[in-house]
Amino acid sequence: MVLNYATYLDKMRGCFLGKNIGGTLGAPFEGMEGIADITYYTHDVEKLGVLPNDDLDLQLVFLVAAEKYGIGVNAEVLANHWLTYIVPNWSEYGMGKRNLRGGLLPSVSGGYHNEFGESNGCWIRSEIWACLAPGNPARAVQYAYEDAIVDHFGEGIYGEIFC
């Protein structure tokens with residue numbers, strides 16, 4: 001099946017709207033255990049708008065990198081964007097950034113003293129690579145790998161590649 005440009009844009013828009021809606025709806029419950037019986041946003045969307053969502057925000061930073069470097073986007077480019085644009089310093093993000101600041105390059109930056117490196121932190125940001133490589137899963141997997149090794153190792157990397 002050939003995907004025309006209008007259909008591609010529609011599908012990509014749907015992907016990011018879905019991610020944004022789900023992230024905004026679920027953000028207040030992140031880290032909680034049990035069933036959250038909710039039917040709509042728990043904050044005033046009209047007043048507060050969309051809540052910050054690191055899962056989506058990271059992908060937007062990666063999109064900026066892809067726009068600038070095209071098919072040349074790789075772990076080194078993404079690592080530089082992490083250090084320049086990504087604010088959070090907690091969990092695997094913080095460990096990866098600490099390692100990068102210390103001079104460790106990907107893939108070492110993702111695994112060195114990173115107790116969170118096999119977490120789900122990178123597979124939850126994998127949609128960008130599928131959107132940028134429609135019909136080319138090998139390219140999407142390569143981008144996902146380049147992304148994952150900046151702040152993850154082992155099962156963390158495999159999770160993003162799988163998604």
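When a residue number appears, it is its place in the shown sequence, counting from 1. Quick caveat: nothing in here was measured; it's all calculated off a predicted structure.
Residue M32 is grouped with residue I38 when hydrophobic side chains (ILVMFWY) are merged at heavy-atom distances under 4.5 angstrom, including chains of intermediate members. Residues V150 and V108 do not share a hydrophobic cluster, defined by chaining ILVMFWY side chains whose heavy atoms lie under 4.5 Å apart. Linking ILVMFWY side-chain heavy atoms closer than 4.5 Å, directly or via other members, places Y5 and L132 in a single hydrophobic cluster. I161 and L78 sit in two unconnected hydrophobic clusters of ILVMFWY residues. Membership requires side-chain heavy atoms under 4.5 Å apart, directly or through other members. Placement of I124 and W90 in two distinct hydrophobic clusters is found when ILVMFWY residues are connected by side-chain heavy-atom separations under 4.5 Å, directly or transitively.
Judged by distance alone, with hydrogens and angles left aside, the side-chain atoms of K68 form no donor-acceptor pair with the main-chain N or O of L63 at under 3.5 Å. No donor-acceptor pair under 3.5 Å is formed between the side chain of S107 and the backbone N or O of I149. With hydrogens and angles disregarded, a donor-acceptor distance shorter than 3.5 Å links the side chain of Y8 to the backbone of C131. In this structure, the side chain of N99 engages the main chain of M95 through a donor-acceptor pair within 3.5 Å. Using modelled atom types, no side-chain atom of T7 and backbone atom of L3 make a donor-acceptor pair closer than 3.5 Å.
Residue F162 places its CZ atom among 12 or fewer non-hydrogen atoms of other residues, nucleotides or ligands, all under 6.0 Å distant. Within a 6.0 Å radius of CZ in F153, other residues, nucleotides and ligands contribute more than 12 heavy atoms. Atom CG of L17 has more than 12 heavy atoms from other residues, nucleotides or ligands within 6.0 Å. The environment of CG in L60 is crowded: more than 12 heavy-atom neighbours from other residues, nucleotides or ligands sit within 6.0 Å. Within 6.0 Å of atom CZ in F116, more than 12 heavy atoms from other residues, nucleotides or ligands are found, so the atom counts as buried in its surroundings.
How far CD of E155 is from OG of S119: 11.5 Å, rounded to the nearest 0.5 Å. Taking CG of D147 as the reference point, atom CH2 of W82 lies at 7.5 Å (rounded to 0.5 Å). Atom OH of Y112 is separated from atom CG of L105 by 14.0 Å, given to the nearest 0.5 angstrom. Here the OH-CG distance, from Y85 to D57, works out to 14.5 Å after rounding to the nearest 0.5 Å. Interatomic distance, CZ of F16 versus CD1 of I21, reported as 13.0 Å (0.5 Å rounding). Between atom CD of residue E127 and atom CD of residue Q59 there is a gap of 4.5 Å, rounded to the nearest 0.5 Å.
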Step-by-step side-chain contact (heavy atoms from CB on, under 4.5 Å) determination, E118 to E92
CA-CA 9 Å; E118 292 192 282; E92 67 274 20; over 6 Å; no

Residue pair Y158, W123: steps toward the ring pair (Phe, Tyr, Trp, His ring centres under 6.0 Å) verdict
CA-CA 8 Å; Y158 302 141; W123 70 262; over 10 Å; no

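Residues A133 and A140 come closest through the heavy atom pair CB-N, 3.7 Å. The heavy-atom pair separating N114 from G96 by the smallest distance is ND2-N, 4.5 Å. Pairing each heavy atom of A148 with each of E160, the nearest pair is CB-OE1, 3.4 Å.
L100 has its side chain within reach of P106: a pair of non-hydrogen atoms, C-beta onward, lies under 4.5 Å apart. Taking the side chain as every heavy atom from C-beta outward, V61 and L58 never approach each other to under 4.5 Å. Residues I71 and R139 are in side-chain contact: their nearest non-hydrogen atoms beyond the backbone lie under 4.5 Å apart. Annotation: side chain of W129 is not in contact with side chain of V141 (no heavy-atom distance under 4.5 Å). Within the 4.5 Å cutoff, side-chain heavy atoms of L83 are placed close to those of K97. At least one side-chain heavy atom of P88 sits under 4.5 Å from a side-chain heavy atom of I86.
Under a 4.0 Å N-O distance rule, the pair D151/R125 qualifies as a salt bridge.
N74 and Y69 are not linked by any side-chain donor-acceptor pair at a separation below 3.5 angstrom, with hydrogens and angles left out of the test.
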